[in-house]
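Let me begin by presenting the structure, written as structure tokens, before commenting on it.
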Amino acid sequence: MSQKPSIPKGTRDFLPSDVAKRSYLFSVIRSVYEKHGFLPIETPSFELSSTLMGKYGDEGDRLIFRILNSGDKMKKADLQALDAGNLPKFASSLSEKALRYDLTVPFARFVAQHQNDITFPFKRYQIQPVWRADRPQHGRYQEFYQCDGDSIGSDSLLNEVEFIQIIDSVLTQLAIPAFTIKINNRKILSGIAEVCGEAHHLIAITVALDKMDKIGSAGVITELESKGLSQGAIDKISPLFSLKGTPEEQLDLMEKYLSSSVVGLKGIDELRYVFETITAIGVQEAKIEFDVTLARGLNYYTGAIFEVKVDNVNMGSICGGGRYDDLTATFGLSGVSGVGISFGADRIYDVLEELNLFPKNVSLSLSVLFVNLGQKESLVSMQLAKELRSNGIDCEVYPSAVKLQKQLKYANDRGCAWVVIIGEEELQNQQLSLKNMESGEQLKFAITNFISEFSKL
RNA sequence: GAGGUUGUAGCUCAGUUGGUUAGAGCGUCGGUUUGUGGUACCGAAGGUCGCGGGUUCGAGACCCGUCUCCCUCCCCA
């Protein structure tokens, strides 16, 4: 025996039944995007390292899969940097390409590069795999699909509202029983940092606040202390831990809290508009919350931020996103604001599986199998199969004339509804036997009118 | 990147204080008189016990290393 076959950690094979369920999931997401007028694009699996590096913060950079240079390009290795102990520089000299880490940054590159070929506001969706050198865990893979939708070139808050609608539609259609869309605004977080006189600690504050539901208020305070925030600043922040009431009430409270911060108040205004608008339009199943402790790590967000969680299921967020004001600037196109979301297809899949929400009919089955009992017989089968297919019925002819028993077992395993038997006897009478695999009943038809008779069944 | 945990047939797992040819169920394949599946009965194939080293007369069991699985943190979909 050879070595036991295996695949890299954090990756998976998909069996036919898995693929059927995955395509169902993708088709729901795709159809919702298309209903909202989004256009599909695709970008390469790998990008130039320079496109990706530095866009996701230090943590993100660490998780980017880098592609080793091949052939002569290996000679570009910076051995001096190696000798000097400068491993990052040495690594960069060895690798000029990297697997994409998400779909947003490649999209920003795409927009800047094709700015003359697209009409703004440009709304695109993109369903492709991304790769992260993360440690695999529950709901966490090294290769997984994101289903992004972004609207770029419009700073209207109606875009934010539309994304809430899209999330609501997708998850409602997938029959997820209870889910919550959490919303916050980066400007509010900036305002908080300003109000407590710790504007330079913005990142530390947001990261700490983000852990609220995990480590509790005491944990957040400890974290803030360890980041060197003054006691006065911490006292100023702690009232935020216990914000209560409807989103509107919370926003009112926050408005007072942020009264001295221009940015903060702008954030409040934006969110208030989004909440009012979506309330006026109405949603299907989504619960929408304002959550000041929602931060999100990605450095490029500047306005609204979203995160979606399924209630009562142990799974990280299944969708996230937000507004980024100038992401395309690093690619030479400035003054263009965008907002987008990303569904984590694999996490949603796991949730649907856990809650048993996949529709029964997504499994792949075969309508008709023609049993093969010899050369002359199978020729007739092939002709009939061709006709059936042109009538929109899926069918196949068993490739070899093995024992009937085995062929029926095959039909059974394939979930076949009907089996057509044409043997010597049938051929002589110009007939065929049609077996119903569920009831076991068998009918006889003349070969010549089988097609028309079958479509009546 | 830090910590914990797991690793025996394709899958799910047994394997007693280290002791002969490592077991079961499911699945797979074959058969139960040659053209009738899903049930039943009979039978077979399939494992250098994750990999490498060590302790021992003897290791699937003990020790070290390594990889992997799953989990927590970090971060995130």
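Order of the sequence lines fixes the chain letters, A, B, ..., with proteins taken first and strands second; residue numbering starts at 1 for each chain. It should be emphasised that the depicted structure is a prediction, and the values quoted were computed from it without experimental measurement.
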- Can you name the side chain to side chain contact (heavy atoms under 4.5 Å, CB included) partners of A401(A), sequence neighbours left out? N372(A)
- Query: Does E354(A) have any side-chain hydrogen bond (donor to acceptor under 3.5 Å, both in side chains) partners at least two apart in sequence or in another chain, and if so, which?
  - Reply: none
- All stems with RNA chain B, defined as three or more consecutive Watson-Crick or G-U pairs under 3.5 Å: B:1-4 with B:70-73, B:10-13 with B:23-26, B:28-32 with B:40-44, B:50-54 with B:62-66
- Query: In chain order, what residues pass the side chain to side chain contact (heavy atoms under 4.5 Å, CB included) check against E270(A), with sequence neighbours excluded?
  - Reply: L157(A), N185(A), K187(A), K266(A)
- Task: Could you list the residues that satisfy side-chain hydrogen bond (donor to acceptor under 3.5 Å, both in side chains) with R66(A), not counting sequence neighbours?
- Result: none
- Message: Which residues in residues 31-39 of chain A have a heavy atom closer than 4.0 Å to any atom of RNA chain B?
- Response: none
- Any N/O donor-acceptor pair, K435(A) side-chain to rU36(B) base, under 3.5 Å: yes
- Would you please confirm or rule out a distance under 4.0 Å between OP1 or OP2 of rC73(B) and any side-chain N or O of K211(A)? no
- Query: Base, sugar-phosphate, or nothing for E143(A), non-hydrogen atoms under 4.0 angstrom?
  - Reply: nothing
- Query: side chain to side chain contact (heavy atoms under 4.5 Å, CB included) with P359(A): which residues, sequence neighbours excluded?
  - Reply: Y24(A), N361(A), V362(A)
- Query: Of the residues in residues 347-356 of chain A, which ones touch RNA chain B at a heavy-atom distance under 4.0 Å?
  - Reply: R347(A)
- rC76(B) C1' sits how many Å from L103(A) CG, rounded? 14 Å
- Message: Could you tell me how far apart Q142(A) (CD) and rC70(B) (C1') are, to the nearest whole angstrom?
- Response: 14 Å
- Task: Please name all residues satisfying ring pair (Phe, Tyr, Trp, His ring centres under 6.0 Å) with Y410(A), sequence neighbours left out, ordered by chain then number.
- Result: Y398(A)
- Message: Tell me which residues in residues 393-417 of chain A lie within less than 4.0 Å of RNA chain B, going by non-hydrogen atoms.
- Response: K403(A), L404(A), Q405(A), K406(A), L408(A), K409(A), N412(A)
- Task: With sequence neighbours left out, write down each residue that passes side chain to side chain contact (heavy atoms under 4.5 Å, CB included) with L404(A), or none if nothing qualifies.
- Result: V371(A), L373(A), L408(A)
- Between protein and nucleotides 1-7 of chain B, map the contacts as a letter string: B base, S sugar-phosphate only, - none, heavy atoms under 4.0 Å, written 5' to 3'. BBB----
